Amino acid sequence: MLKRTAYAALGSISPFSLPSLARAIQSSSTPYQRPKLKITDVRTAQVLVHGPQTHVRIYTDQGIYGQGEATDAAVGASSLIRGWRRMLIGLDPLNVEAIWERIRTIGIFAGAQAGQYVCALSGVEIALWDLAGKALGLPIYQLLGGKFRDKVQIYCDSDMDVPIGPEADRKLPWIKAQGFKAMKIDLDDARDPARWDSFNWTATNGEIDRMVKWVSHVHESIPDYMALACDMHGRYDAATGKKVAKALEPFKLMWLEEPCPPEDIDAMTDIRHSTSTPIACGENLYMRWGYRELLDKEAVDIIQPDFEKVGGLAEAQKVANMAQAYYVPVAPHCVVSPIGQMATAHACATFPNFLACEWHWINHQDLWKAWVKEGEIIVNGYVTPPDRPGIGLEMDEEVAKKAQIPGTPWFEPET
Ligand code: MG
């Protein structure tokens, strides 16, 4: 860490020039060699792959920058981050938690404790951890307290419109061949002709029969060792959620996800206590406060924070630690690029109650494999957080730029 910082300050001077090195160390670190850094700029780039993602870069006066990613509610993230830029310039980026709390609290009077605001904050927080890792010469998992596991298990979201037919015939063998031990399908189908109407999400028996048929087909098509999760996307009412959870009991699902709206915690509790099917939710909840009532009421078997929208890596770790007090495992929602997937993996390595993390780019594999210069990061269904500083990956901008949202900036400075 010392060398890195000192070299950055030295610029083109040889690192072996010892008197210069000593001077650089004095000006860029404390007597205990903690680097002195100041934020000089914050820039963003917006892409559209599985939904919109905002990539964040935080620059410093020592020539290093950190990169983070925000997702899902990222449409307004870029302008929010630009709004924080002036406040961030000049701050010491190593005080990650204090910067996070400052941004969170200035949003209180705007009611900004969820949604786009916290999503944007997540991207900034992850960039700060990447930056801190690079400044200190340590991987993020080390900064977050060290790891419980070397490899982080990934499950494959199959992203199928209809999990019976040609798409399933192609994808199910591929998922198995990749070495995944768990996968997910979606059960909600807005185009199901058996629906009552296009707004009401009380499922008819015809819809429930269709869901059971889909699950049965996938269950029979994958090996016994592979776990299957099903997602209802929080659309249906409690009565439907209860019926579906009961009907799917024979398939011993890994979980049934958002069988009713996630904010309807009493209904979620009711469903959970009516069935042996494990119930999961959490991708649409924000920060530690968003999980309090859910955990207090024992509404779910598994929680699913999305680290690129819940508030970032340390916030996700806090949510996970809170869940551990309730004996609840964590299966993160994750739909981002390899940068965010690896940042998530660093944090997943650092708490005991980790179950499996989502991967959602099955329909975007050309971009996935080439997005970072290090290449494919999922091997046999696992991601291994590297020992390199920070996240440990570098974006291949030529590739990532193919997904740029037209008319949006690409890490360009403010004019
Ligand atoms: Mg989901």
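Read the numbers this way: they start at 1 and go in the same order the structure lists the ligands and their atoms. Small disclaimer: the values here were computed from a predicted structure and weren't measured.
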His346 and its ring-ring contact (aromatic ring centres under 6.0 Å, His included) partner, picked from Phe354, Phe307, Tyr141
Tyr141

Restricting to ring pair (Phe, Tyr, Trp, His ring centres under 6.0 Å), what partner residues turn up for Tyr291, sequence neighbours left out?
none

Run the salt-bridge test on Lys297 and Glu293 with the 4.0 Å N-O cut-off and return the result as yes or no.
yes

Answer key: the N, O or S atom of Glu283 nearest to the Mg ion (ligand 1) is OE1

Apex the Mg ion (ligand 1) - arms OD2 from Asp231 and OE2 from Glu257 - angle rounded to 10°:
90°

Is Glu258 close enough to the Mg ion (ligand 1) to have an N, O or S atom under 2.8 Å?
no

Under-4.0 Å salt bridge between Arg85 and Asp41
yes

